[in-house]
Peer 1: 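If you scroll down you'll find the structure; I have some questions about it.
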Amino acid sequence: MDPLLADAAARASRYLASLPARPVAPAPAAVAALTGFDEPLPAEPGAAADTLRRLDELGSPATAAMAGPRFFGFVIGGALPVSLAANWLAGAWDQNAALFKPTPSAAKIEAVALRWLTDLLGLPADAAGAFVTGATVANFCALAAARHSLLKRAGWAVEADGLFGAPPLTVIVGAEIHPSVTKSLGLLGLGRNRVVKVPVDAQGRMVAAALPEIKGPTVVCTQVGNVNTGACDPVAEICRRVQPAGAWVHVDGAFGLWAAAAPSRRPLVAGMEAADSWATDAHKWLNVPYDAGLAFVRDGDALRAAMAITAEYLPTQSEFRNPADTTPELSRRARGVEIWAALRTLGRAGVADLIERNCAQARRFAAVLAAGGAEILNDVALNQVLVAFSDADTTRRTIEAIQAEGTCWAGITVWQGRTAMRISVSNWATTEADVDRSADAMLRCWRAAATRPDASG
Ligand SMILES: *Cc1c(COP(=O)(O)O)cnc(C)c1O
């Protein structure tokens, strides 16, 4: 096995070293060459080294440089070196990290990471946590706990008896709810459309004063870190308004929750610890490899009741924290390892610096682009920047030109009716020089797009 793993490590190192210099989007020729994978299933065993070579030679060039310093699309972090290294070692362990007994190391490391995370993010120290694949599943887990708790209080055992005939559960969301929360509501039988929508302000924040009166079992889905603007709902005020009437407040903080770890950004999420559940990602701002998301639930029994496989597993009877008692999966990888590795290596100050740095870089992007004549559509309070270049058509063509030019990558969005480019700064490796170089390229592409309107529209 040795030469094969050494070869993989060497190829991975070469790949990572190439990222700062190569075009961020894969070259069209590299994408076209993917047809090289279209071979018949081999009838006979082959050489492992040959398989690895093929993977690298065909696969690596057709990747986007998402792990590199100038990918600003969606909200995507790069893997910190230590988190990637820990991922490799944990991959070699190949543990089925469902239960403590057979995999004590994975379970212990996850429990420590959970303790550090609640501390770092200012959440209740005894909140239960689920280490899952991303914020989508984290939202699902937290809302499953909410469903359990609210219906239990209404005298209904939802896990046992399902939703047919259950007391109705009201779901209140902001008009800017992330589609992954909507999807989670659908998976939970609460309905993607069966929601009460609360209006939002110009930044996408829920208007707390517009919340309806709470009657009966109700969950209120809030958000910190709007995927376009980075804006945060006034969670503390929402909690004050709805919790006295018994509502469960959930916070989707896929990336915004990390504001709590950075002193200058913390006021944006002040008081969000009053909520009942929180979802976030680790593969976004903590910069660990895909896939890693986290759910935290104040009432751990509710989360375990929703997720544990049998009643015998239930909390107080369990001697150890079994990771799978809080997750939809039973068999699962030791996902907590790279989160632990990132936190241990960065420390509190390192996480704060990462968040502060990316936010400062977002402000720098906005300043340089505005100075170049572009229009910034949002208050850049976190790591998201919304940019319009002249009109919608020019903006669209400018984004296409930026993606093709290759210095950096940013995507398109529509914000409150306006076509815009969305820049998300979330990578540990991004420098100010990367921001300046990227902003220059963006303005250059805008000038080119503005002087060469395409005929196709
Ligand atoms: C990214 C994001 C999600 C979904 O996260 P995944 O990790 O892709 O599942 C949910 N909510 C918000 C606000 C996000 O930014």
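All of these numbers come straight from a predicted model, not from anything done at the bench. Numbering of ligands and ligand atoms starts at 1, following listing order.
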Peer 1: Under a 3.5 Å cutoff, is there a donor and acceptor pairing between the side chains of T280 and W285?
Peer 2: no
Peer 1: Which protein residues have a heavy atom closer than 4.0 Å to any atom of ligand 1, listed by chain and number?
Peer 2: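 Within 4.0 Å of ligand 1, protein side: G134, A135, T136, H178, S180, G225, V227, D252, A254, F255, D281, H283, K284.
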Peer 1: Could you tell me whether F74 and W409 have their ring centroids closer than 6.0 angstrom?
Peer 2: yes
Peer 1: So, T103 side chain and A106 main chain: donor-acceptor pair closer than 3.5 Å or not?
Peer 2: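 No; zero donor-acceptor contacts below 3.5 Å.
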Peer 1: Ignoring hydrogens and angles, tell me if any N or O in the side chain of T222 forms a donor-acceptor pair with the backbone of V235 under 3.5 Å.
Peer 2: no
Peer 1: Determine the sole option in L143, V219, V242 for which the side chain to side chain contact (heavy atoms under 4.5 Å, CB included) test with W248 is passed.
Peer 2: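 The option that passes is V219.
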Peer 1: With a 6.0 Å cut-off on the ring centroids, do F296 and W278 count as close?
Peer 2: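 F296 vs W278: aromatic centres not under 6.0 Å.
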